[in-house]
Amino acid sequence: MALNENQNNIVPKTHPRYQSLKFRHKIIDGMKNLVVAEAGLIAHGRGECFDYIIGEKTTKTAKYAIRAAVAALLIAEKPVISVNGNVAALVPNELVTLSKLLNIPLEINLFYYKEGRIRAIKDVLKKAGATDIKGINEEKMIELEGLESNRRKVDFIAKADVVMVPLEDGDRTEALKKLNKKVIAVDLNPLSRTALWADITIVDNIIRVIPKMIEIANQLKKLNDSELNDILNNFDNKLNIQNTLDLIIDHIEKQKVEAFKILK
Ligand code: ATP
């Protein structure tokens, strides 16, 4: 029996942490299928920790950032969404829906290379309906300047003006910025280098972000470029991250009192 089935039998739907455990097992299954790197499990755990302290919900500040991100993707001339193993394991169908809705290619870009991983991720995306997948043809790849890691090998990202980088490492965000690209990051850690380097930082869980982006994209597609530019110009990323940190502090302050009530 597949691990997935096993684990789903173990975790009943009534379990108070069912959602969190469900996605944890998607990551574990992804690792067994080569989609997720071993280090991806640790990255997921770090994300879970930050999710806890934002209250496991999409905050007001995350919604502002999502709106600005969708506006930026709609205005962009050559946008692209970078995909790593964790994202492919967690939200493949939603990612493909967003990519089709905005007419944006998905580019597989990995920090940890392993024989067969690109193919495994490509298969997951194809199964979810993706038709435009970049980063799978070694001959088309070029190397980004100023980057030593495997992530330096890119395809469409080299030409892109706006790059969305869910669950990224700070080095590549910095390299992309130095190449004058607009970077949209999705990172639960508001203080990671990625979060601080990006132009638009969505501090939220990717499992909630992509469905929310689909919802907002359906609304913003009706706007013209001038209205989309207004949304972008009214967004201040530094202020939004600072407000996110204030929300976290407020949430923890409330938990200081509320957390003990559930024990009674
Ligand atoms: P940086 O180099 O930007 O400082 P890092 O080294 O702290 O990043 P990595 O281990 O490269 O982080 O990547 C994991 C990041 O992804 C963490 O900041 C973690 O909070 C975030 N993360 C993990 N899972 C999710 C998720 N499901 N949704 C959003 N962010 C996530």
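Since we're looking at a predicted model, the values are computed, not measured. The first residue of the sequence shown is numbered 1, and numbering continues consecutively from there. Note that ligands are numbered from 1 as they come in the structure, with each ligand's atoms numbered from 1 the same way.
- For the side-chain hydrogen bond (donor to acceptor under 3.5 Å, both in side chains) test with Thr201, the passing option among Asn240, Asn237, Thr244, Thr173 is Asn237; the others fail.
- In terms of protein heavy-atom proximity, atom 28 (N) of ligand 1 is nearest to Ile206 N, 3.0 Å.
- Distance from atom 13 (O) of ligand 1 to its nearest protein heavy atom, with residue and atom name: Glu168 O, 3.9 Å.
- Within the 4.5 Å cutoff, the side chain of Met213 has no heavy atoms near those of the Ile216 side chain.
- Closest of all the heavy-atom pairs between Asn189 and Leu191 is OD1-N, 2.8 Å.
- Asp199 pairs with exactly one of Lys238, Lys182, Lys181, Lys177 by the salt bridge (charged side-chain N to carboxylate O under 4.0 Å, His left out) rule, that one being Lys177.
- Considering every non-hydrogen atom in both Asp204 and Val209, the closest pair reads CB-CG2, 3.5 Å.
- One option in Asn205, Ile210, Val209, Asp171 has a heavy atom closer to atom 27 (N) of ligand 1 than any other, and that option is Asn205.
- Asp204 counts as a contact of ligand 1, since one of its heavy atoms falls under 4.0 Å from the ligand.
- Side-chain atoms of Thr61 and Leu247, non-hydrogen and from C-beta on, do get closer than 4.5 Å to each other.
- For His44, no nitrogen or oxygen atom sits less than 3.5 Å from a nitrogen or oxygen atom of ligand 1, counting backbone and side chain alike.
- The contact set between ligand 1 and Asn189, taken as ligand atoms under 4.0 Å from a residue heavy atom, comprises 18 (O), 20 (O).
- Glu107 places a side-chain N or O within 3.5 Å of a backbone atom of Ile157 that can act as its donor or acceptor partner.
- Distances below 4.0 Å separate heavy atoms of Gly47 from the following atoms of ligand 1: 19 (C), 20 (O), 22 (N), 23 (C), 24 (N).
- Between Val96 and Ala128, the shortest heavy-atom distance links the atoms CG1-O, 3.5 Å.
- Here's the thing with Ala195: none of its N/O atoms is less than 3.5 angstrom from an N/O atom of ligand 1.
- Residues Glu227 and Leu223 share a closest heavy-atom pair of OE1-CA, 3.5 Å.
- The shortest N or O to N or O distance between Leu90 and ligand 1 is not below 3.5 Å.
- When only non-hydrogen protein atoms are considered, atom 18 (O) of ligand 1 lies nearest to Asp187 OD1, 2.8 Å.
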Name the atoms and distances for all side-chain donor-acceptor pairs under 3.5 Å in residues 75-89, with sequence neighbours left out.
{"unit_1": "Ser82", "atom_1": "OG", "unit_2": "Arg172", "atom_2": "NH2", "d": "2.8"}
{"unit_1": "Asn84", "atom_1": "OD1", "unit_2": "Asn86", "atom_2": "N", "d": "3.3"}
{"unit_1": "Asn84", "atom_1": "OD1", "unit_2": "Val87", "atom_2": "N", "d": "3.0"}
{"unit_1": "Asn84", "atom_1": "ND2", "unit_2": "Leu167", "atom_2": "O", "d": "3.2"}
{"unit_1": "Asn86", "atom_1": "ND2", "unit_2": "Gly40", "atom_2": "O", "d": "3.0"}

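- Protein heavy atom at the shortest distance from atom 30 (N) of ligand 1 is Leu188 N, 3.2 Å.
- Among protein heavy atoms, atom 1 (P) of ligand 1 sits closest to Gly170 N, 3.5 Å.
- Between Gly45, Ala43, Pro190, Gly40, it is Ala43 that holds the heavy atom closest to atom 24 (N) of ligand 1.
- At the top of the distance list for atom 3 (O) of ligand 1, counting protein heavy atoms only, stands Thr194 OG1, 2.5 Å.
- Taking all heavy atoms of Glu174, Glu48, Arg193, Arg46 into account, the minimum distance to atom 9 (P) of ligand 1 is reached by Arg46.
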